[in-house]
There are 2 protein chains.
Amino acid sequence: MEKRIEVLSRRLQGYKFTPQRRLVLEVFLENEGDHLSAEEAYNLARVKDKDIGIATIYRTLDLLEEVGILHKSDFGDGRKRYELSQEGQDEHHHHHLVCLGCRRIQEVEEDLLNQLEGLVEEEKGFLIVDHRVQFYGYCRPCREKERG
Amino acid sequence: MEKRIEVLSRRLQGYKFTPQRRLVLEVFLENEGDHLSAEEAYNLARVKDKDIGIATIYRTLDLLEEVGILHKSDFGDGRKRYELSQEGQDEHHHHHLVCLGCRRIQEVEEDLLNQLEGLVEEEKGFLIVDHRVQFYGYCRPCREKERG
DNA sequence: ATCCGTGCAAAACCTTTGCAAGGCG
DNA sequence: CGCCTTGCAAAGGTTTTGCACGGAT
């Protein structure tokens, strides 16, 4: 954990690695795989530093996204969400499963969209630089609970 | 146009077909294919009725979505957008091209996602009931302007 | 008279910004 | 000192809500 924080913090060259910024980073490392909203990150951070401000959270999220540590998403629930960027991933292939039951978000790895993208570029002359794919439905636990 | 309005208005059974609601419907019919935000719809509606209120627009958009006349989307630009639902379309297959240059949104018809959806359901046990696919990039006019 | 729908203004919600104070080289 | 960062509070942008008025049944 210490090691990972240290490695990630190197991307903050030119910016100070303040206790608050470190704290936000910790929160995301401790909740890896989660897609946290600013408020959620704020609440988690406040457990360790009750004086941290929400504005600092927003500013830190912006910063961490700018340097590529976090990735911002929007699932249409009225707030932006952030997740730890996967190392070595080219930042372009994100598929999310948004459960309409529990609102949990999981990821899918496959990228079968490439052929579709090729078609679109060819037919529409539209140069694709990013895409967003979200599936809405019900995850296995929610489906089982429903049946139960 | 009159005919289409009359047909669509039948879906409002149980609700009054007021002049304001009719006006909002007209705006969407006259701008078919566009993805209008509440404010845009408001401005277009005000041309014909300068006294219409923004709250009425919001309430009407909700209502028209509820009865299936409009479809709501969120392209991550901080406001919800509405488009006329396509007749006979099962409301499930929307692909959008969001131009990062001019912010115009166009649609793609193909649905090559079915196979991907099948895979997801099989592997993750996630029952998909809707999806959102958005491509971000540059449309042909913007690319040509760039080159010029 | 009763509903429902409207317009206005206020509130709500998430996010950003201004600013004075703090931290640290 | 000078610069960056912080926390607070205020402001901003979008959407929702409370409320009294008004029109239609």
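Here is how names work: the chains are called A, B, and so on, in the same order as the sequence lines, proteins then strands, and each is numbered from 1.
B:Arg22 and B:Ile5 get closest at one heavy-atom pair: NH1-CG2, 3.8 Å.
A rotation axis mapping the C1' atoms of four pairs onto the next four is fitted at both ends of the helix from C:dA1-D:dT25 to C:dG25-D:dC1 over five pairs, and the angle between these axes is 0° to 10 degrees.
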A correct 5'-to-3' footprint of nucleotides 5-16 of chain C, with B, S and - meaning base, sugar-phosphate only and no protein heavy atom under 4.0 Å, is SBBB-----SBB

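Atom pair A:Phe17:CZ and D:dT6:P shows a separation of 11 Å (rounding to whole Å applied).
A salt bridge does not link A:Lys72 to A:Glu83: none of the charged nitrogens lies less than 4.0 Å from a carboxylate oxygen. A salt bridge links B:Lys48 and B:Glu30; the closest N-O separation between the charged side-chain nitrogens and carboxylate oxygens is under 4.0 Å.
By the side-chain hydrogen bond (donor to acceptor under 3.5 Å, both in side chains) test, A:Gln13 is found to be paired with no residue, residues two or more places apart in sequence or in another chain being considered.
A:Arg79 is not listed as a side-chain neighbour of A:Glu40, based on a closest heavy-atom distance of 4.5 Å or more.
Residue-environment remark: OH (A:Tyr15) stays at or below the threshold of 12 foreign heavy atoms within 6.0 Å.
Of the possible polar contacts, none joining the A:Arg81 side chain to the A:Phe75 backbone as a donor-acceptor pair under 3.5 Å is found. Between the B:Asp34 side chain and the B:Leu36 main chain, no donor and acceptor come within less than 3.5 Å of each other.
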